Amino acid sequence: MRLSKIRKKNDIFYYVIESLPGGSTRIYEVIGKHSDLLKACDDPEAFARRRVEEINDSLKRDVMVVNERVDFSERLPPSEEPSSEGTSKNVGWLYLNEIIKGLRLDSFFSGIQGKRKYDMGAVNTHLVVNQILDPGSKAHAWGNVGRYMSMGEYDLHQSYRFLTDLNAHKEELQRHLFERTKGIVELDASVLMYDLTNFYFETEEEDIDFLDGDNILQYGFRKYGKSKENRPNPIVHMGLFVESNGIPVSFTAERGNTNEQETVLPIETRIVKEYGHSKFVYCSDGGLNSYAIRFFNMMNGRHYVVTHSLRKTEGKELELMLKDMNWRFKDDDEAASLAHFRSLCDKVVAGEELSDAERETLKRDVIYKRFPTRHKVDASKLAPGAKGRIDFEETVFVTFSAKFYLYQKRIFGKQLSRAENWLEKGIERGKGQNDPSRFIKETAYTDSGEVAAKKEKSIDGKAVEDEETLHGFYAVATNLDKTIGEVLEINGRRWTIEYCFRILKSFFETRPMFVSTEDHIKGHLTVCYEALLVFQILSLKLKRAGAPYPARAILDTLKNMMVSDHNGQYYEADYTNSKVLQSLEGLFGLKLDRAKYRTKTFKQK
């Protein structure tokens, strides 16, 4: 680049000129007019020359002339490996590493490193990143370590040792992560959602318990239990707390035969005592809201919003809840009649014509009833050895939704038709909670009073009637003094934890785990928890920067960011630009949106 001065109309214009191949030139930059530059400096020409020097210095840093001899007959070096390996390296993980550095995991693992002869922080970083970008076994992860640009290396056996060591510090790690997360993104921990899922193992035998006579010395970990996927294999449970934005707060890993209700209070007590976070709204579904859990969340400024099972509600109380009295429209609290509102839904089911007024009524969709109730909880459920029963009061909001009623009627009709078809054809099916065979009953009978040897199957009219009675209804229990809209809004946040489980299972492939001991399983789930936290923080930062993207788009971008080495002289990007990449650059400024990179670039990351 050189300076060019052109005089025009009693003034001088300063330009930066670039020389092009073939002897031609072009204007690279217009510096300005002499008269205008005098207003900012005393010597415009000296200013212009300094600007040309700055541009030339910049080009020396960012532009490299490569004189490369290419031999198209050159063959690849010989190798004894059974399969060929890719030589491109991933640089997308460096964005994840920015979150990991923000969480100060290096500091945490330095604090517990002790005399261990491997770098715990380096192993953790790689396992977390690989769980996000290329999930698989620990051997698979170790084999991939060279695919990540500037990633620290370790030995395979150290990854298994790390899982054992990590399990010993997993609760301490969770406290550290919670505190550090608050410094990276603003959390909304006023409401904490809890749910539990499980993961099955391919083995057909559960882990045995180690006994000393009648005393159990150690329980097996992979146990038969109620699988979310209805599989007969041994399982382990994972309970998870998340805040309102979907950021994980804490987790627990339990034996597969553990009652899911028993997983709640230990982890919640840990949050209250060890995290110092005692005032929040506990939110969960119907399987994780026993009376003991509800009572616990009435103490020390806590509250709860939980799904209330109408199916399990006692007859007299259920009758009062569904009685056509004290019903109101959700939108404006106007008095409503359940019988009339339900009759309009039945007219739609029957295909009858509705008047304009009736259609407008149905558009309001939801009516509700506020139902105060009292319960008793066994004190021993709250404190071992405690005796007696404790009374507490709560409010149950019972809702009836026209849309929900019509949806359930449609599904119910199809399932009942299938049950009748199965009955007619003699098809045998196991009874599941939502299986059509739940409508089929088996009756044993005899002709002369002996032991029943004959069996007859038929549609269970009572089961059909009981289920139809609850179509359209939904109930939520709470001790909050809130409106129906506010309570349902809190309850509606539970989708965030379902989304977290979807990420763990579908994107991060938490199972198969490729490990079998309790320490290794818990260590693996801790790595998955860290991976979920890192990814959710990244997603939330993008969202708050005005760039919300689906998980698949973010993951695909990070996975595809590979660079290839050109004879050790420079790296070239093997990926394209994208909206996600530009948003990541806007957040972190790592300059990974370039087409080519100097070899020293990634040594500085």
Side-chain angles (χ1 to χ4, degrees), residues 285-286 305-373 394-421 433-436 438-439 459-478 480 482-495:
D285 65 12
V305 172
V306 295
T307 304
H308 183 84
S309 175
L310 292 175
R311 291 178 184 271
K312 298 179 181 178
T313 303
E314 295 182 359
K316 290 184 179 179
E317 187 173 56
L318 179 61
E319 184 179 343
L320 290 173
M321 285 183 176
L322 304 187
K323 189 174 183 179
D324 193 2
M325 183 173 62
N326 298 328
W327 288 87
R328 295 185 174 277
F329 283 99
K330 173 179 171 288
D331 54 7
D332 62 2
D333 237 27
E334 179 187 355
S337 167
L338 172 62
H340 175 66
F341 197 67
R342 194 169 183 172
S343 69
L344 297 181
C345 296
D346 289 332
K347 289 179 70 174
V348 174
V349 173
E352 298 180 22
E353 187 68 26
L354 297 179
S355 67
D356 291 342
E358 290 173 331
R359 277 193 291 271
E360 289 301 315
T361 300
L362 278 185
K363 284 182 180 179
R364 301 174 74 173
D365 187 33
V366 178
I367 60 175
Y368 79 97
K369 172 190 284 191
R370 182 189 292 263
F371 188 85
T373 185
E394 68 178 5
T395 299
V396 177
F397 284 99
V398 185
T399 67
F400 179 86
S401 165
K403 292 179 181 177
F404 191 36
Y405 179 83
L406 295 174
Y407 168 77
Q408 287 189 305
K409 272 291 186 183
R410 185 172 66 255
I411 300 300
F412 174 81
K414 293 180 179 179
Q415 291 186 333
L416 184 57
S417 176
R418 288 179 66 193
E420 292 171 344
N421 185 46
Q433 182 178 1
N434 297 307
D435 195 278
R438 69 187 184 277
F439 299 129
I459 295 297
D460 189 341
K462 187 176 185 307
V464 171
E465 181 182 355
D466 289 346
E467 186 157 325
E468 280 190 299
T469 300
L470 297 179
H471 282 173
F473 290 100
Y474 184 76
V476 177
T478 183
L480 283 168
K482 299 280 189 180
T483 66
I484 177 65
E486 292 171 321
V487 170
L488 291 181
E489 188 276 328
I490 292 173
N491 186 62
R493 300 183 195 180
R494 289 194 296 112
W495 73 269

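Everything numeric here is computed off the predicted structure, so don't read it as measured data.
Between Thr469 and Arg342 the shortest heavy-atom distance is O-NH2, 3.3 Å. The two residues Arg328 and Ala335 make their nearest non-hydrogen contact at NH1-N, 3.7 Å. Among all heavy-atom pairs drawn from His471 and Phe400, the shortest one is O-CE1, 3.3 Å. Of all heavy-atom pairs between Ala463 and Arg438, the closest is CB-O, 4.2 Å.
Annotation: side chain of Thr399 is not in contact with side chain of Lys330 (no heavy-atom distance under 4.5 Å). Side-chain contact between Phe473 and Met321 is absent, with no heavy atoms from C-beta onward closer than 4.5 Å. Counting only heavy atoms from C-beta outward, the side chains of Leu480 and Ile490 approach each other to under 4.5 Å. In this structure, the side chains of Phe412 and Val464 come closer than 4.5 Å at one or more pairs of heavy atoms.
Lys316 is linked by a side-chain contact (heavy atoms from CB on, under 4.5 Å) to nothing, counting only residues two or more places apart in sequence or in another chain. Under the ring pair (Phe, Tyr, Trp, His ring centres under 6.0 Å) criterion, Phe397 pairs with no residue, sequence neighbours left out. Residues forming a side-chain contact (heavy atoms from CB on, under 4.5 Å) with Thr483 (at least two apart in sequence, or on another chain): Glu486. In this structure Thr373 satisfies the side chain to side chain donor-acceptor pair (under 3.5 Å) test together with Glu317, sequence neighbours excluded. The salt bridge (Lys or Arg N to Asp or Glu O under 4.0 Å) check on Arg493 picks up Asp188, Glu489, with sequence neighbours excluded. Applying the salt bridge (Lys or Arg N to Asp or Glu O under 4.0 Å) test to Lys462 and every residue at least two apart in sequence or in another chain returns Asp466. Listed by chain and number, the residues in a side chain to side chain donor-acceptor pair (under 3.5 Å) with Thr361 amount to none (sequence neighbours excluded). Ala339 meets the side-chain contact (heavy atoms from CB on, under 4.5 Å) test with Asp324, Ser337; sequence neighbours excluded. Every residue meeting the side-chain contact (heavy atoms from CB on, under 4.5 Å) condition with Val476, not counting sequence neighbours, appears here in chain and number order: Val305, Tyr474, Val487, Leu488, Asn491.
In Glu319, the CD atom is not crowded: 12 or fewer heavy atoms of neighbouring residues, nucleotides or ligands sit closer than 6.0 Å.
Distance check, rounded to the nearest 0.5 Å: CG of Leu344 to CG of Leu362 gives 5.0 Å. Atom CG of Leu322 is separated from atom CG of Leu338 by 7.5 Å, given to the nearest 0.5 angstrom.
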Show me the donor-acceptor pairs, under 3.5 Å and distance only, between side chains in residues 402-410 and residues at least two apart or in other chains.
from, atom 1, to, atom 2, distance (Å)
Tyr405, OH, Asp346, OD1, 2.4
Gln408, OE1, Gly472, N, 2.6
Lys409, NZ, Glu468, OE2, 3.1

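Applying the ring pair (Phe, Tyr, Trp, His ring centres under 6.0 Å) rule to pairs touching residues 310-339 yields Phe329-Phe341, sequence neighbours excluded. Residue pairs that meet the salt bridge (Lys or Arg N to Asp or Glu O under 4.0 Å) test with at least one member in residues 357-370, sequence neighbours left out, are Asp331-Arg364, Asp332-Arg364, Glu334-Arg364, Lys347-Glu358, Glu353-Arg359, Asp356-Arg359, Glu360-Lys363.
A donor-acceptor pair under 3.5 Å is absent between the side-chain atoms of Ser417 and the main chain of Gly413, judged by distance alone.
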